[in-house]
Protein chains: 2
Amino acid sequence: MFAIQPSSAEPIYRQIVEQLRRLIAGGQLASGDLLPSVRDVAGFHAINPMTVSRAYGMAETEGLLERLRGKGMAVAVTTRSTATQAQRMALLEAQLQALARHARELELPGDAVLRRLGKLLDE
Amino acid sequence: MFAIQPSSAEPIYRQIVEQLRRLIAGGQLASGDLLPSVRDVAGFHAINPMTVSRAYGMAETEGLLERLRGKGMAVAVTTRSTATQAQRMALLEAQLQALARHARELELPGDAVLRRLGKLLDE
DNA sequence: CCATGTGTATTAATACAACAATACACTTGG
DNA sequence: CCAAGTGTATTGTTGTATTAATACACATGG
């Protein structure tokens with residue numbers, strides 16, 4: 001049902017869109033899968049339905065979702081289902097670069113950063 | 001002279017404040033160091049001087065900088081100059097957690113992520 | 001058929017970020 | 001002393017982003 005933090009600085013609709021991008025690229029959401037309705041998501045997180053709709057709409061424009069009139073939104077049927085690892089890696093690239101830059105500004109040793117991230121990835 | 005991207009979604013004044021936090025914690029900016037004037041920074045990046053002033057002002061409120069009347073802003077003289085590695089690491093924690101979550105949503109193998117980050121950290 | 005479920009167009013409220021143009025208080029250095 | 005350099009307070013404007021409230025069009029399924 002999406003991991004949403006309404007308090008975050010990142011806009012809710014963008015949290016949803018980006019999460020959709022990753023879940024679809026990673027295969028956890030497969031072609032044809034039906035998404036929870038805007039009202040369900042909105043009710044669950046106590047946010048406005050239009051905010052969810054906006055996210056769904058942008059994902060549709062992007063080709064991630066398709067609208068099944070009367071039924072809801074479903075993951076679009078793309079040519080290849082799951083993106084290659086390189087393609088998925090590319091979605092993380094900007095974040096990785098920012099992290100590296102910040103670590104350098106903090107003068108942190110690379111190993112320490114890698115160790116910590118390794119631990120977080122294992123959980 | 002700060003790494004600023006006026007096009008970024010992140011507000012300019014916050015880019016500056018956060019960069020100051022890291023550069024000071026890491027010791028690249030030491031107690032007493034004089035910062036470039038608001039007019040210089042603004043001129044260089046073609047942004048409004050008041051935007052820089054706002055960032056400096058927030059950094060002062062935070063205790064990072066102190067105002068030397070007539071001279072400019074300088075890195076505040078704190079008890080201990082450079083933060084411990086654990087303290088600096090804490091400034092990266094949230095970003096690391098977000099990265100780990102995204103990697104999991106992308107179903108990316110941990111080693112691949114760690115390898116790529118390692119390479120970026122070496123440059 | 002029609003109640004119930006979809007998504008969404010429209011409008012509005014609110015907040016925020018950045019810019020612009022001044023004017024001011026202060027210190028330094030010739 | 002005073003020109004030139006600091007940062008800043010103030011006021012106003014502009015553009016944009018985000019969320020909300022409401023009403024609507026449409027398809028489904030008993």
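Chain A is the first sequence line, chain B the second, and so forth, proteins listed ahead of strands; every chain is numbered from 1. Predicted, not measured: the structure shown is a model, and the values here were computed from it.
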Quick one: side chains of residues 8-15 of chain B, donor-acceptor pairs under 3.5 Å with protein atoms, not counting sequence neighbours, listed by atom name and distance.
| residue | atom | partner | partner atom | Å |
| --- | --- | --- | --- | --- |
| B:S8 | OG | B:E10 | N | 2.9 |
| B:Q15 | OE1 | B:Q5 | N | 3.0 |
| B:Q15 | NE2 | B:Q5 | O | 3.1 |
| B:Q15 | NE2 | B:E10 | O | 2.9 |

Check residues 42-54 of chain B and write down every donor-acceptor pair under 3.5 Å in which the side-chain atom is one partner and the other belongs to a residue at least two apart or another chain.
| residue | atom | partner | partner atom | Å |
| --- | --- | --- | --- | --- |
| B:H45 | NE2 | B:M1 | O | 3.0 |
| B:H45 | NE2 | B:F2 | O | 3.4 |
| B:N48 | OD1 | B:M50 | N | 2.8 |

Which atom pairs, one a donor and one an acceptor, fall under 3.5 Å between side chains of residues 97-107 of chain A and the rest of the protein, sequence neighbours left out?
| residue | atom | partner | partner atom | Å |
| --- | --- | --- | --- | --- |
| A:Q97 | NE2 | A:E93 | OE2 | 2.9 |
| A:H102 | ND1 | B:Q95 | OE1 | 2.9 |
| A:H102 | ND1 | B:Q95 | NE2 | 3.4 |
| A:H102 | NE2 | B:R22 | NH2 | 3.2 |
| A:R104 | NH2 | B:L120 | O | 3.3 |
| A:E105 | OE1 | B:R22 | NE | 2.5 |
| A:E105 | OE1 | B:R22 | NH2 | 3.1 |
| A:E107 | OE2 | B:Q28 | NE2 | 3.3 |

Apply side chain to side chain contact (heavy atoms under 4.5 Å, CB included) to B:V41 and B:L35, showing your working. CA-CA 10 Å; B:V41 177; B:L35 294 178; over 6 Å; no
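The side chain of A:S53 contributes an N or O atom lying less than 4.0 Å from OP1 or OP2 of C:dT8. Remark: B:T51 is in phosphate contact with C:dC19, judged by side-chain N or O atoms under 4.0 Å from OP1 or OP2. In terms of phosphate contacts, B:Y13 brings a side-chain nitrogen or oxygen within less than 4.0 Å of OP1 or OP2 of C:dA17. Regarding contacts with the backbone of D:dT19, every side-chain N or O of A:R54 stays at 4.0 angstrom or more from both OP1 and OP2.
For B:E18, there are no salt bridge (Lys or Arg N to Asp or Glu O under 4.0 Å) partners, not counting sequence neighbours. In terms of the side-chain contact (heavy atoms from CB on, under 4.5 Å) criterion, residue partners of B:E60 (sequence neighbours excluded) are, by chain and number, B:R67, B:M73. Qualifying side chain to side chain donor-acceptor pair (under 3.5 Å) partners for B:R21, counting only residues two or more places apart in sequence or in other chains: B:E62.
Within the 4.0 angstrom heavy-atom criterion, only backbone atoms of the sugar-phosphate kind lie near A:S37; the bases stay farther away.
The separation between A:E60 atom CD and C:dA9 atom P is 9 Å, rounded to whole Å. In this structure, B:Q15 places its CD atom 12 Å from P of C:dA17, rounding to the nearest Å. The OH atom of A:Y56 sits 11 Å away from the C1' atom of C:dG7 (whole-angstrom rounding).
Taking Ile, Leu, Val, Met, Phe, Trp and Tyr as members and joining any whose side-chain heavy atoms lie under 4.5 Å apart, directly or through other members, the hydrophobic cluster of B:L68 also contains B:L34.
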Please list, for nucleotides 21-30 of chain C, all pairs of protein and nucleotide N/O atoms separated by less than 3.5 Å.
| residue | atom | partner | partner atom | Å |
| --- | --- | --- | --- | --- |
| C:dT27 | O4' | B:R69 | O | 3.3 |

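Using a 4.0 Å cutoff on non-hydrogen atoms, the parts of residues 4-11 of chain B near DNA chain C are B:P11, ordered by number.
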